[in-house]
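Here's the structure, in structure tokens; my notes come after.
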Protein chains: 2
Amino acid sequence: MAPEPSTERRPARAGNTAVQVRDALRDAILKGEYLPGERLVEAQLCVRMETSRFNVRAALADLAAEGLVEVQRNRGAQVRKVSMAEAVEITEVRMVVEGLIAARAAELVDPDRATELDEIGVLMRRAVEAGEHRRYSDLNQRLHALVREIAGHATADRIVETLRGQIVRHQYMLSLVPGRPETSLPQHERIIAAIRGRDPKAAEAAMREHISSVIEALRAIDYLGS
Amino acid sequence: MAPEPSTERRPARAGNTAVQVRDALRDAILKGEYLPGERLVEAQLCVRMETSRFNVRAALADLAAEGLVEVQRNRGAQVRKVSMAEAVEITEVRMVVEGLIAARAAELVDPDRATELDEIGVLMRRAVEAGEHRRYSDLNQRLHALVREIAGHATADRIVETLRGQIVRHQYMLSLVPGRPETSLPQHERIIAAIRGRDPKAAEAAMREHISSVIEALRAIDYLGS
DNA sequence: AGCTGGGCAATTGTTGACAATAATGGGGGC
DNA sequence: GCCCCCATTATTGTCAACAATTGCCCAGCT
């Protein structure tokens with residue numbers, strides 16, 4: 001009988017473990033509690049996360065590997081500032097990798113998943129017609145996640161997830177662009193249709209076309225913004 | 001990536017820095033001095049790398065993020081064992097990302113680089129005709145590196161480099177397959193021609209066809225091997 | 001006033017020791 | 001003889017203190 005290692009055992013010293021700190025800090029950055037360019041002082045994070053500098057340091061190193069923070073020797077860490085050019089690059093890579101995922105999904109889709117895809121498609125159309133942008137954005141994420149789940153491509157998954165984390169801020173800006181849902185809805189519907197139809201090439205093409213239009217929208221924001 | 005700017009300053013006290021340790025350890029793993037599944041005991045690495053456990057630990061964390069080693073809590077680190085299925089997955093992602101790179105290269109190639117491409121193409125043909133497999137393998141790497149350099153896509157570069165590191169062992173096996181150079185030479189030549197001709201779609205298609213055949217070869221090895 | 005240089009405070013880099021955990025091997029019971 | 005349990009050992013996880021570096025502020029000079 002194994003005693004619960006976490007609840008009973010009082011490690012005498014309080015303090016969250018390195019993994020917890022890493023996840024908490026990632027969430028905080030993704031939520032925008034720390035803005036790009038903001039310095040991440042180790043001592044401050046120690047009190048915020050209720051842990052030791054050792055764990056903070058490990059967490060920062062991990063997030064640096066993920067591309068969320070940037071550490072300079074003897075100068076500390078700061079939230080990485082991704083330029084629009086980088087955001088475009090990242091989205092380009094996402095385009096081709098998600099294309100691969102869509103193709104695999106079209107090969108591996110089963111009736112249950114196909115039904116789920118349809119449901120999301122219907123909900124998306126309703127959300128757009130009702131002008132519920134926030135809801136549409138959530139469904140968008142659910143669709144991409146479901147496609148990835150169907151494909152079951154662990155390597156591609158990991159990469160897409162890492163890349164997505166790096167540009168959450170830009171994606172947020174994107175969702176505010178007026179007319180964006182109306183543009184992307186038919187693209188999403190084509191992706192769903194292609195996967196349902198078990199047509200890998202069409203699914204890849206549809207996904208790439210979709211994300212390609214995301215890139216165009218990003219570039220458009222760039223013009224307006226700066 | 002950018003080389004560490006601080007190479008001049010020697011911190012007086014012995015012991016290599018974390019970055020040096022990371023690079024050295026990566027080289028050692030890639031060279032096969034540590035085999036997949038082999039345990040990487042921190043204390044041993046300390047003496048091997050002439051540094052402190054702190055740096056060893058940081059290096060291991062970095063390499064874990066790169067996918068070269070695997071760390072289990074309280075159980076230490078070991079060289080990651082990539083299954084053939086994973087190697088195929090990794091190469092699939094490489095296929096689409098290098099396809100993107102080839103397309104960009106076709107857009108951005110200049111006369112000087114075009115000449116370099118031609119030179120590599122000529123040397124490759126000679127190497128195959130002379131049966132110099134080792135030389136051909138080197139040229140293969142040079143070709144892919146040059147294409148990436150022409151494309152100048154930092155994000156895609158980083159990903160391809162990371163993925164490549166994870167399957168060096170499998171790639172080595174691949175180079176031993178008889179008849180492999182004869183298969184891949186015309187593929188390489190098509191890639192070069194497409195980039196020279198500034199035809200992005202053709203370049204992407206050629207690159208994907210090439211790496212697709214690499215995947216087939218990997219699968220073939222799998223049958224024979226196990 | 002603007003610039004240069006030195007000292008000071010804030011922050012990070014590093015170390016060694018100690019605690020907690022998993023692996024190992026030996027002794028006793030069946 | 002074989003198996004299980006417990007002590008021992010090897011290894012990793014964590015910490016707090018110390019050393020080194022950077023950037024800043026201000027005095028003094030041109």
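The structure displayed is predicted, hence computed values, not measured ones. Proteins come first, then strands; the chains are lettered A, B, ... in the order of their sequence lines, and each starts at number 1.
A salt bridge links A:Glu33 to A:Arg48: one of the charged nitrogens lies within less than 4.0 Å of a carboxylate oxygen. Remark: B:Arg164 engages B:Glu161 in a salt bridge, criterion side-chain N to carboxylate O under 4.0 Å. Between B:Glu116 and B:Arg142, no side-chain nitrogen of the basic residue sits less than 4.0 Å from a carboxylate oxygen of the acidic one, so the salt-bridge criterion is not met. Ionic pairing of A:Arg219 and A:Asp222 is not present here: no N-O contact between side-chain nitrogen and carboxylate oxygen is shorter than 4.0 angstrom.
B:Arg180 and B:Ser213 are linked by a side-chain donor-acceptor pair at a separation below 3.5 angstrom, with hydrogens and angles left out of the test. Side-chain contact, B:Ser184 with B:Tyr136: a donor N or O sits under 3.5 Å from an acceptor N or O.
For A:Ser52, a side-chain nitrogen or oxygen approaches OP1 or OP2 of D:dC15 to under 4.0 Å.
Note that the two end axes of the helix from C:dA1-D:dT30 to C:dC30-D:dG1 enclose an angle of 10°, each drawn from 5 base pairs, rounded to 10 degrees.
In this structure, B:Asn55 atom CG and C:dG16 atom P are separated by 11 Å, rounded to whole Å. Counting to the nearest Å, the P atom of D:dG13 and the CG atom of A:Asn16 are 17 Å from each other. Atom CE in A:Met49 sits roughly 16 Å away from atom P in D:dT14 (whole-Å rounding). In this structure, B:Phe54 atom CZ and D:dG13 atom P are separated by 14 Å, rounded to whole Å.
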| task | Evaluate the criterion side-chain hydrogen bond (donor to acceptor under 3.5 Å, both in side chains) for residue pair A:Thr155 and B:Glu86; output intermediate values, then yes/no. | result | CA-CA 8 Å; A:Thr155 305; B:Glu86 281 174 295; over 6 Å; no
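A:Leu143 pairs in a side chain to side chain contact (heavy atoms under 4.5 Å, CB included) with only one of the listed residues (A:Asp138, A:Leu117, A:Leu123), which is A:Leu117.
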Atom pairs under 3.5 Å: protein N/O with N/O of nucleotides 10-12 of chain D:
unit_1	atom_1	unit_2	atom_2	d
D:dT12	OP1	B:Glu42	N	3.4
D:dT12	OP2	B:Glu42	N	3.2

